[in-house]
Structure formats: structure tokens, C-alpha cells
Amino acid sequence: MNKPKILILGAGYGGLTTTVKLQKKLGVNDAHITLVNKHDYHYEATWLHENAAGTLHHDRSRVKIKDLLNSSKVNFVQDTVVAIKPDEKKVELENDVLDYDYLVVALGFEAATFGIPGLIENAFTIGSINQARLIKQHIEYNFAMYNNEPEPKQERLNIVVGGGGFTGIEFLGEIANRIPQLCEEYDIDRSKVRIINVEGAPSILPGFDPQLIEYAMNSLESRGVEFKLGALLKECKPDGIVIEKDGELEEIPTVTTIWAAGVRANSLVEKSGLEHNRGKVEVKPDLRAPSHEDVFVVGDCALIWNKDNDRPYPPTAQIAMQEASVCAHNLAALVKGGELDNFEFNNMGTVASLGHGDAIGVILGDKKLFGWSASVMKKIIDNRSLFKIGGIGLVLKKGKFNIF
Ligand code: FAD
Ligand code: NAD
């Protein structure tokens, strides 16, 4: 009998966890498993703000995919997906075309820019190792340039973060800690540097616990972060941004705008012909696409409704990894026979870093954490994620143990 072909696209939290779990469930003769990813490494997307700020080297956040796979069971292909053709059961890569019996789409997120003029051309986003490394180098370059021009340019020292959601706040925590080191290294007076957060809602982290929001704001303000709340970023130019607050426009000079104001699913999903809802596939309880029984969708490309508040679950690594467990189980059941499981989200809570040694979070339903204990919890969560894909060996190699 022909072995079914299982094709998994993307080696992030959703795709890699599915693959690692599936290789444990299936024998060598059960299926051909192929994993496709743009790079030969997996990165912890949840650590990228640290790499972007330069507080953690990017090699700590990535791991060679082949080191995590059983090569007798999984064929890894390093290539870029350019089109998904579910009606033809084919996926086009830059260098090949692959067919499948079962497909897993786990291609993650991209920045949502909402058509704001100049953002694509002039802003940076924190979405990959390449982007994070570029942000770090760009900030250092501008600090180095500052004392090399006859007329010092303030825009080189103004760092704007668009969006005060979790990504923006976590980056602010890291960059606020890094600025004093940069100032010392490049002989710049700290008081000349501005770190500005522009958030459209009346508060940062809209919808999060108000007491923890206040804690986060105080912590960041004490390290020099300025908040512009209820202010929408309207335009991004090469040397400045335009914001609108209370009907008034204001221009802030900067060559460094980090756009962290929302994400969308990888746009290949919208173009694929899979039935979608604003770019995401609203999956059935067993995580299959309603329009195509042979296609699973996990992670930020999938949309699952939270019946408790009648809103979609936010796209997180936490949900992506939980979906991957169910996806791997269901693929094994389809191949070997057995019942398919339905996905149920088990909310373990949310913890956001505010830079080394500081964090905020809510766990176990309503237990609030802040400061050092939240920071330790965040590191435990980060290490747990490594454990899930690479066991204790990977935790010992790349884990975070610097709790003091
Ligand atoms: P991803 O992790 O984005 O993986 C997608 C993979 O597909 C990547 O390896 C990518 O290289 C690959 N890929 C993309 N396009 C192609 C292509 N065309 N061809 C081939 N390969 C491709 N969530 C939490 O739960 N907790 C947190 O603390 C947290 N912190 C975050 C911090 C930051 C700075 C950011 C940006 C996000 C954070 N998130 C957090 C959200 C979380 O990172 C995402 O929800 C999660 O990464 C989604 O997992 P995924 O598998 O769908 O996609
Ligand atoms: P988000 O959608 O959570 O936040 C974006 C923020 O940008 C919102 O507060 C919004 O009001 C603001 N905004 C939108 N347009 C704007 C504009 N024009 N001007 C100013 N502000 C604007 O996006 P995110 O922070 O990138 O997070 C993406 C996902 O990743 C979320 O699901 C989040 O929960 C998850 N995440 C989780 C963690 C964590 O758990 N520690 C960390 C980072 C990200």
C-alpha cells in the first residue's frame, strides 16, 4: 500500500511542534512526512523583541531544525512556499512543487499595516531573526552616526514604537534597558535619547488587568519611556512619523519606527483558495479547513472562536502549540485509524516581560504576578517552549536561567 504523504508548511510553534509530535506517533513505514521551512532553523518568535533590542544574541533564539528531527521519519526541505493550491493538492515552492495527501498550514504571521502610508517602506517590524537583527544594527548605526555629523540629528536618537500591545510593550522593556549601555558605548548623553510609544487606545495593553497596566507603565516610565496614548500613527516617513491625537496632528522626527501594532495571518493563506475569514481559516473543531478535509491549519493562520466572549482567540504561541498536539493526534488517527480529537483551548495565562528582572502576568485564571516573580515565570514559560520541541537537552543549551 502507498504510504500517505503528509506535508507540513512552516517550522514555527505550530508546524514544528506538529512534526516533532507526529514523528513520535508514526513509524517509518506509516507515512512520508515532509517539513518545509524558509530557513534551516526554527526561531522562538516570542524572544525576537530581545534580539531586536540587542539584549539577547539572535543565536540564542534559534535552533537548527535538523537537530530536532528524526531523519528516518521526516524529510526536511529548506525552501520558501510561494503558493498553496488545495484544489490540486499541490504546494509550490520557489524551487519545487510538492503534492500531498494531508497538508498542515502553519506559516505564521506577518505585520498588519492597515494601509498606513509609508509603513512598509520606512518602518521596521519584529517578525523574524532577519528583521530583529536589522533593528539592532540600525539602532547601533544611528547611535554611532550621531557624533559623526557636523549637525547632530535628533531623529537618530528618537526611537518610536507604534502599538502598545504585548509586542510593543515587551520591546520597550528591552530597549529601555539597552539604551544606557548604548549611550555609554557611543558617548551620548542619556537625556538626549527619546523612547516614545504611540498607542491608539486610551491605555496600553487594551483589555488587560488595569492594576498590571499601571505597574507596567510606571516601570517603563521610570526608565525613560514616553507614552502617547489615544494617539494614532497616521504616516511613517524616512525621517519622522505623523500621529493624530485629539484631532491634532503632530510630527515626531525619527529614523527608527518599530511597527508593533498588530499581526495578520501569512498572506499566502488568503491567496490559496482555502475558505477564509479576514485572511485566516476558521477551522473546524478538529482543526481541518471547512472547505478542504485534507488540510489542517494551526497557529496564527487559524481562527478559532472563543465562545465565552464571542471573539476569536488571540494569536499566540501558547494556542499554536496546543493546536499542534491535536493536529498531530488527528493526523496519526487518519493514517493509522482512530478517533479524531476536537481542539479545546486550555488557557495557561499571559505573562509579558518588561525587560530583564521585570514582568507582569495573570496565571491560574486570576492570579496576578508582577516584578521578579513574574519575570521568573516568563523564563519558565520560555524554557518550557524549548522543552516541548527539543527536550531537556535543548533547554540546557538555549534556556534562560539568569533569574537574578
Ligand atoms: P510562527 O512561529 O511565525 O512560525 C511560522 C514559520 O513559518 C516560521 O518558521 C517562518 O520562517 C515560516 N515561514 C513563513 N513564511 C514562509 C514561507 N513562505 N515559506 C516557508 N516558510 C515560511 N505568544 C505567546 O503565546 N507568548 C508570548 O510571550 C509571545 N511573545 C511574542 C513576542 C513577540 C516579539 C512576537 C512577535 C510574538 C509573540 N507571541 C507570543 C506570539 C507568537 O509568537 C505567535 O503567535 C506564534 O509565533 C505563532 O506561531 P506559528 O507557528 O503560527 O507561526
Ligand atoms: P496587538 O494586536 O495585541 O496590539 C496592537 C496594538 O496596537 C493595540 O493596542 C492597538 O490599539 C494598537 N494600534 C493599532 N493601530 C494603531 C495605530 N495606527 N496607531 C497606534 N496604535 C495602534 O498586537 P501585538 O502586540 O503585535 O501582539 C500580537 C499577538 O501576539 C497578540 O495575540 C498577543 O497577545 C501576542 N503576544 C503575546 C505576548 C505575551 O503573551 N507575552 C507577547 C507579544 C505578543
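Just so you know, ligand 1 is whichever comes first in the structure, and atom 1 is the first atom listed for that ligand. Values below: every heavy atom of this structure, side chains too, minus hydrogens, waters and symmetry copies.
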For [atom], what is the closest protein heavy atom, and at what distance to 0.1 Å?
atom                    : answer
atom 3 (O) of ligand 2  : Gly165 CA, 4.3 Å
atom 29 (C) of ligand 2 : Pro315 O, 3.4 Å
atom 10 (C) of ligand 2 : Glu199 OE2, 3.4 Å
atom 39 (C) of ligand 2 : Val351 O, 3.8 Å

On a heavy-atom basis, I'd like to know which of [options] is closest to [atom].
atom                    : options                        : answer
atom 7 (O) of ligand 2  : Gly168, Ser353, Ala261, Ala352 : Ala261
atom 33 (C) of ligand 2 : Phe166, Phe109, Tyr313, Phe171 : Phe166
atom 23 (O) of ligand 2 : Gly262, Ala45, Gly164, Gly127  : Gly262
atom 27 (O) of ligand 2 : Ile126, Thr167, Ile243, Thr350 : Thr167

Side-chain H-bond candidate by donor/acceptor type, [X] with [Y], under 3.5 Å:
X      : Y      : answer
Glu170 : Ser353 : no
Ser61  : Glu50  : no
Asn70  : Gln23  : no
Asp79  : Asn95  : yes
Trp372 : Asp358 : no
Ser375 : His356 : no
Lys368 : Gln211 : yes

Checklist line | Steps toward salt bridge (charged side-chain N to carboxylate O under 4.0 Å, His left out) verdict (Glu155, Lys237) | finding: CA-CA 11 Å; Glu155 58 265 37; Lys237 304 177 188 181; over 6 Å; no
Proximal atoms of ligand 2 relative to [X] (non-hydrogen, under 4.0 Å):
X      : answer
Leu233 : 17 (C), 18 (N), 19 (N), 20 (C)
Ile116 : 18 (N)
Ala231 : 19 (N), 20 (C)
Pro314 : 32 (O)
Leu232 : 17 (C), 18 (N), 19 (N)
Val198 : 20 (C), 21 (N)

Notebook entry, point to check: Quick check: does any side chain N or O of Ser291 sit under 3.5 Å from a backbone N or O of Glu275, one acting as donor and the other as acceptor?
Noted result: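 Answer holds: yes.
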Margin query: If we ignore hydrogens and angles and just use 3.5 Å, is the side chain of Thr316 paired with the main-chain N or O of Ile319 as donor and acceptor?
Written below: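 Confirmed, Thr316 side chain pairs with Ile319 backbone.
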Could you tell me if any non-hydrogen atom of [X] lies under 4.0 Å from any atom of ligand 2?
X      : answer
Leu205 : no
Trp259 : yes
Pro206 : yes

Examine [X] against ligand 2 and note whether any of their N/O atoms are separated by less than 3.5 Å.
X      : result
Glu170 : yes
Gly200 : yes
Gly162 : no
Val263 : no

For ligand 1, run through the N/O pairs with the protein that fall under 3.5 Å and put one pair on each line.
unit_1   : atom_1 : unit_2 : atom_2 : d
ligand 1 : 9 (O)  : Asn37  : OD1    : 3.0
ligand 1 : 15 (N) : Asn266 : ND2    : 3.2
ligand 1 : 18 (N) : Val81  : O      : 3.1
ligand 1 : 19 (N) : Val81  : N      : 2.8
ligand 1 : 21 (N) : Lys38  : N      : 3.1
ligand 1 : 23 (N) : Ala317 : N      : 3.1
ligand 1 : 25 (O) : Ala317 : N      : 2.9
ligand 1 : 25 (O) : Gln318 : N      : 3.1
ligand 1 : 28 (O) : Lys378 : NZ     : 3.0
ligand 1 : 45 (O) : Asp300 : OD1    : 2.8
ligand 1 : 45 (O) : Asp300 : OD2    : 3.3
ligand 1 : 45 (O) : Pro315 : O      : 3.4
ligand 1 : 45 (O) : Thr316 : N      : 3.4
ligand 1 : 45 (O) : Ala317 : N      : 3.3
ligand 1 : 51 (O) : Tyr13  : N      : 3.1
ligand 1 : 51 (O) : Gly14  : N      : 2.7
ligand 1 : 52 (O) : Asp300 : N      : 2.8

Next item on the list: Name the orientation class of the two ring planes belonging to Tyr43 and Tyr41 (parallel below 30°, tilted from 30 to 60°, perpendicular beyond 60°).
Entry: tilted
Check: Checking salt bridge (Lys or Arg N to Asp or Glu O under 4.0 Å) against Lys5, which of Asp101, Asp30, Asp99 comes through?
Finding: Asp99
Check: Between His42 and Tyr13, does the ring centre distance come in under 6.0 Å?
Finding: yes
Less than 3.5 Å apart, which donor and acceptor atoms pair up between the side chains of residues 191-202 and the rest of the protein, not counting sequence neighbours?
unit_1 : atom_1 : unit_2 : atom_2 : d
Ser191 : OG     : Asp189 : OD1    : 3.0
Ser191 : OG     : Asp189 : OD2    : 3.1
Arg194 : NE     : Glu226 : OE1    : 3.4
Arg194 : NE     : Glu226 : OE2    : 2.9
Arg194 : NH2    : Glu226 : OE1    : 2.8
Asn197 : ND2    : Val161 : O      : 3.1
Asn197 : ND2    : Gly163 : O      : 3.1
Glu199 : OE1    : Gly164 : N      : 2.6
Glu199 : OE2    : Ala201 : N      : 2.7

Checklist line | Cation-pi check, Lys400 onto Trp47 ring (under 6.0 Å, within 45° of axis) | finding: yes
Next item on the list: Please assess Arg133 against Asn51 for the test side chain to side chain donor-acceptor pair (under 3.5 Å), listing each intermediate value before the final yes or no.
Entry: CA-CA 7 Å; Arg133 188 163 44 192; Asn51 308 135; over 6 Å; no
